[in-house]
Amino acid sequence: MPPVPPESSAPRPSTVSRRTVLGAVAATAASAPLLTGLAAPASAAPSTVRPRALPGGGDLGPNVLVFDPGTSGIQAKLDQIFHQQESAQFGTGRYALLFKPGTYSGLNAQIGFYTSIAGLGLSPDDTTINGDVTVDAGWANGNATQNFWRSAENLALVPVNGTDRWAVAQAAPFRRMHVRGGLNLAPSGYGWASGGYIADSRIDGQVGPYSQQQWYTRDSVIGGWVNAVWNMVFSGVQGAPAQSFPNPPYTTLDTTPVSREKPFLYLNGSEYRVFLPEKRTNARGVTWGNGTPRGTSLSLSQFYVAKPGVSAATLNQALAQGLHLLLTPGIYHVDQPLQVNRANTVVLGLGYATIVPDNGVTALRVADVDGVRLAGFLIDAGTVNSATLLEVGPSGASRDHSANPTTVQDVFVRIGGAGAGKATTSMVINNRNTIVDHTWVWRADHGTGVGWDTNRADYGVVVNGDDVLCTGLFVEHFNKYDVQWLGQRGRTIFFQNEKAYDAPNQAAVQDGNVKGYAAYKVGDNVTTHEAWGLGSYCNYTADTGIVQHHGFAAPNTSGVKFHGVLVVSLGGNGQYEHVINEAGAPTSGTSTTPSTVVSYP
């Protein structure tokens with residue numbers, strides 16, 4: 001396909017699916033049941049029996065497929081999984097495809113929903129596929145805006161035709177990859193696309209986003225970047241285009257202030273281990289390629305290897321016992337919060353392991369401790385309203401964790417879509433110095449159990465802790481504020497948002513005297529905050545006359561700074577009067593042209 005021009009003029013297919021108007025207008029070991037209510041006989045003595053210690057390690061379960069270069073029928077197995085997962089957007093299948101170090105030839109691994117593909121070496125170059133790892137959008141008639149919940153990690157690719165295709169939307173990270181060629185982020189036919197995220201990767205050739213509306217690339221090396229539509233953000237990327245927002249809309253930071261790459265599973269001989277990359281400050285480029293990467297590792301024997309059906313009580317016993325958690329692919333119902341109380345605990349999911357809180361509980365809570373690493377899982381709200389779904393730190397947390405922060409990486413939150421779900425606040429960050437590195441917090445706009453009150457969720461991400469950094473923050477469709485930032489000295493690099501499509505009328509989104517809740521609100525008492533590369537889009541399909549006074553709200557003070565900010569009305573379905581506070585021109589008409597603010601104040 002010839003490259004499309006570096007604007008929003010790529011041809012668009014006529015069939016519409018996710019974000020109907022967006023596409024049309026945008027270059028857009030099962031546990032026994034718990035017995036309750038049974039009184040002990042009056043003569044019974046208090047029990048002194050402690051639960052048997054849980055074992056660490058073990059097999060990875062049936063939904064982790066491990067290949068080596070001598071495995072027969074690899075392509076057939078890849079095709080089988082893809083056929084099952086290609087259009088299973090809200091299905092229950094979960095898979096991890098793991099490749100032992102070595103060289104594989106003639107493969108095309110097409111990656112569908114809830115499927116992760118990864119190499120098992122310490123370096124991406126330890127596992128080379130002479131072939132492709134592909135995401136396209138044939139299942140959706142060329143529309144890639146629904147290609148969620150899939151990932152690629154820790155592989156080297158030699159694409160058959162010189163360029164690999166990774167046409168994804170939200171929650172589809174491309175981490176620690178080496179593409180010995182180019183990378184095309186658009187679907188075949190250059191249809192609509194709305195992603196995405198790359199980190200710790202080396203792309204020897206050019207990256208072509210083409211119809212991608214927004215993208216964030218962190219701590220990587222690229223051979224070049226072809227074009228931009230609305231919002232392309234880079235931090236710590238060698239080969240990134242120069243700062244030029246809004247024309248073209250490149251927001252470029254030379255380094256990333258603080259980063260620590262996601263933990264990953266690898267093989268040391270025949271032993272599975274989990275590698276924990278070290279923290280970097282003012283990071284630039286990849287963490288691998290010059291010998292052994294810097295960090296530490298843990299034996300799998302130090303993890304409780306969980307299988308779907310295990311109880312929350314057992315998972316909490318494992319955590320209390322001092323084990324880390326490895327959640328193998330599947331769906332985990334929890335009737336009590338998972339309690340991460342020990343410093344340096346790792347909770348790592350494989351294949352989009354999914355936690356569903358039952359009876360309105362919080363899915364997972366972290367104590368005010370150093371160095372917790374949460375990575376690679378999905379939290380799916382239950383049918384009974386949860387006050388919160390993920391809490392990083394208790395209310396009032398105050399300890400300094402700057403030397404060893406908690407990281408939340410590829411942890412995704414969903415309210416509705418797979419079924420009716422509710423949560424007042426999805427993700428709360430109370431601990432100081434937390435790094436949230438790539439999340440998609442999504443109140444569903446399509447699927448099952450979707451409606452203004454059916455999947456009610458007022459707040460997406462609330463940050464109370466000081467010195468929190470978000471790199472790659474995607475938060476969409478909440479009934480009130482999508483992001484509410486109350487901590488001091490917070491920083492965000494890249495933010496993507498859509499306001500709730502289904503707001504029934506202006507009164508439903510009225511924030512006191514302000515028209516519409518801001519997508520990203522910095523609290524009135526905050527004196528220091530900085531953010532780069534932010535976009536908010538409105539697509540009020542239930543009442544196209546709704547007006548947002550602004551997409552972003554913040555105290556008007558010199559210590560609160562924004563760089564590269566835009567708002568877009570998608571086809572005139574609602575309008576913004578300003579970009580941030582009273583700054584920025586209004587959107588108007590049906591042209592889907594961004595209104596931008598280069599810097600604020």
Side-chain angles (χ1 to χ4, degrees), residues 66-69 98-105 116-130 133 151-159 164 173-181 183 197-205 207 217-223 234-240 254-303 324 344 346 348 371 373 375-376 403-405 407 409-410 435 437-438 471:
V66 181
F67 305 106
D68 64 47
L98 305 182
F99 287 76
K100 293 182 179 181
T103 300
Y104 303 77
S105 296
S116 298
I117 186 170
L120 287 170
L122 260 182
S123 165
D125 289 328
D126 292 340
T127 311
T128 299
I129 293 178
N130 291 306
V133 171
S151 66
E153 185 173 3
N154 204 30
L155 292 165
L157 305 178
V158 184
D164 192 59
F174 197 81
R175 285 186 182 269
R176 200 178 171 80
M177 295 287 286
H178 185 187
V179 181
R180 299 175 192 163
L183 185 64
Y197 177 90
I198 293 171
D200 200 23
S201 293
R202 181 183 295 272
I203 317 299
D204 292 346
V207 180
T217 307
R218 179 182 62 71
D219 298 354
S220 294
V221 181
I222 61 176
F234 309 83
S235 68
V237 178
Q238 299 174 25
D254 189 57
T255 61
T256 303
V258 187
S259 61
R260 190 173 68 189
E261 298 303 329
K262 173 180 173 286
F264 62 91
L265 192 68
Y266 75 103
L267 277 172
N268 180 26
S270 60
E271 179 196 15
Y272 284 106
R273 298 184 68 86
V274 172
F275 192 80
L276 308 177
E278 73 173 13
K279 187 188 76 170
R280 297 198 292 170
T281 57
N282 298 318
R284 183 171 170 83
V286 298
T287 63
W288 49 271
N290 294 309
T292 303
R294 298 175 65 90
T296 58
S297 72
L298 300 170
S299 169
L300 195 63
S301 65
Q302 295 172 265
F303 285 77
H324 307 276
N344 302 309
V346 178
L348 176 62
R373 304 185 194 223
N404 186 14
T407 46
Q409 300 177 284
D410 300 347
I435 300 171
D437 176 45
H438 189 226
T471 51

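- Arg273 places a side-chain N or O within 3.5 Å of a backbone atom of Ser297 that can act as its donor or acceptor partner.
- At a cut-off of 3.5 Å, with distance as the only test, no side-chain donor of Thr256 or Arg218 sits close to an acceptor on the other residue.
- Under the 3.5 Å distance criterion, the side-chain polar atoms of Asn282 are left unmatched by any main-chain donor or acceptor of Thr255.
- Nearest heavy atoms, Arg373 versus Pro263: CD-CG, 3.8 Å.
- For Val133 against Ala152, the heavy-atom pair with the smallest separation is CG1-CB, 4.3 Å.
- Glu261 places none of its side-chain heavy atoms less than 4.5 Å from the side chain of Thr407.
- Checking Thr103 against Thr128 by side-chain atom types alone, no donor-acceptor pair falls below 3.5 Å.
- A heavy-atom distance below 4.5 Å is not found between the side chains of Val274 and His324.
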Exercise. Run the numbers on Ser220 and Ser201 for side chain to side chain donor-acceptor pair (under 3.5 Å), then give the verdict.
Key: CA-CA 5 Å; Ser220 294; Ser201 293; 4.8 Å; no
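- Scanning both residues, Ala283 and Ser259, for their nearest heavy atoms gives CB-OG, 3.4 Å.
- In the model, Ser299 has a side-chain atom that pairs as donor or acceptor with a side-chain atom of Glu271 under 3.5 Å.
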Exercise. For the pair Trp288 and Asn154, evaluate side chain to side chain contact (heavy atoms under 4.5 Å, CB included) and give the outcome as yes or no after the intermediate values.
Key: CA-CA 10 Å; Trp288 49 271; Asn154 204 30; over 6 Å; no
Practice problem: Quick one: do Ile198 and Leu183 satisfy side chain to side chain contact (heavy atoms under 4.5 Å, CB included)? Show the steps, please. | Solution: CA-CA 11 Å; Ile198 293 171; Leu183 185 64; 3.9 Å; yes
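- Under the 4.5 Å side-chain criterion, counting only non-hydrogen atoms from C-beta, Thr471 is not in contact with Asp219.
- Scanning all heavy atoms of the two residues, the minimum distance from Thr127 to Gly121 falls at OG1-N, 3.8 Å.
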Quiz item: Yes or no on side chain to side chain contact (heavy atoms under 4.5 Å, CB included) for Leu348 and Lys262, after CA distance, side-chain angles and deciding distance?
Solution: CA-CA 9 Å; Leu348 176 62; Lys262 173 180 173 286; 4.1 Å; yes
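- Among Arg280, Arg175, Arg260, Lys279, the single residue meeting the salt bridge (Lys or Arg N to Asp or Glu O under 4.0 Å) criterion with Asp437 is Arg175.
- Using a 4.5 Å cut-off on side-chain heavy atoms (C-beta onward), Leu122 and Pro293 make contact.
- Ring geometry, Phe275 versus Tyr266: the interplanar angle exceeds 60°, so the pair is classed perpendicular (tilted spans 30 to 60°).
- You'll find the side chain of Glu153 stays beyond 4.5 Å of the side chain of Leu265, heavy atoms only.
- Arg176 places a side-chain heavy atom less than 4.5 Å from the side chain of Pro124.
- Within the 4.5 Å cutoff, the side chain of Thr217 has no heavy atoms near those of the Val207 side chain.
- Partners of Asp126 under the salt bridge (Lys or Arg N to Asp or Glu O under 4.0 Å) rule, at least two apart in sequence or in another chain, do not exist in this structure.
- Once rounded to the nearest 0.5 Å, the distance linking CD of Glu278 with OG1 of Thr287 reads 9.0 Å.
- Relative orientation of the Phe99 and Tyr104 rings is perpendicular, given thresholds of 30° and 60° on the angle between their planes.
- Between Phe264 and Pro277 the shortest heavy-atom distance is CE2-CG, 4.3 Å.
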Quiz item: Between His178 and Asp204, is a side chain to side chain contact (heavy atoms under 4.5 Å, CB included) present by the stated rule, with each step listed?
Solution: CA-CA 8 Å; His178 185 187; Asp204 292 346; 3.1 Å; yes
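- Side-chain contact between Asp254 and Arg284: present, with at least one pair of heavy atoms (C-beta onward) separated by less than 4.5 Å.
- Shortest non-hydrogen contact noted between Asn404 and Asn344 is ND2-OD1, 2.8 Å.
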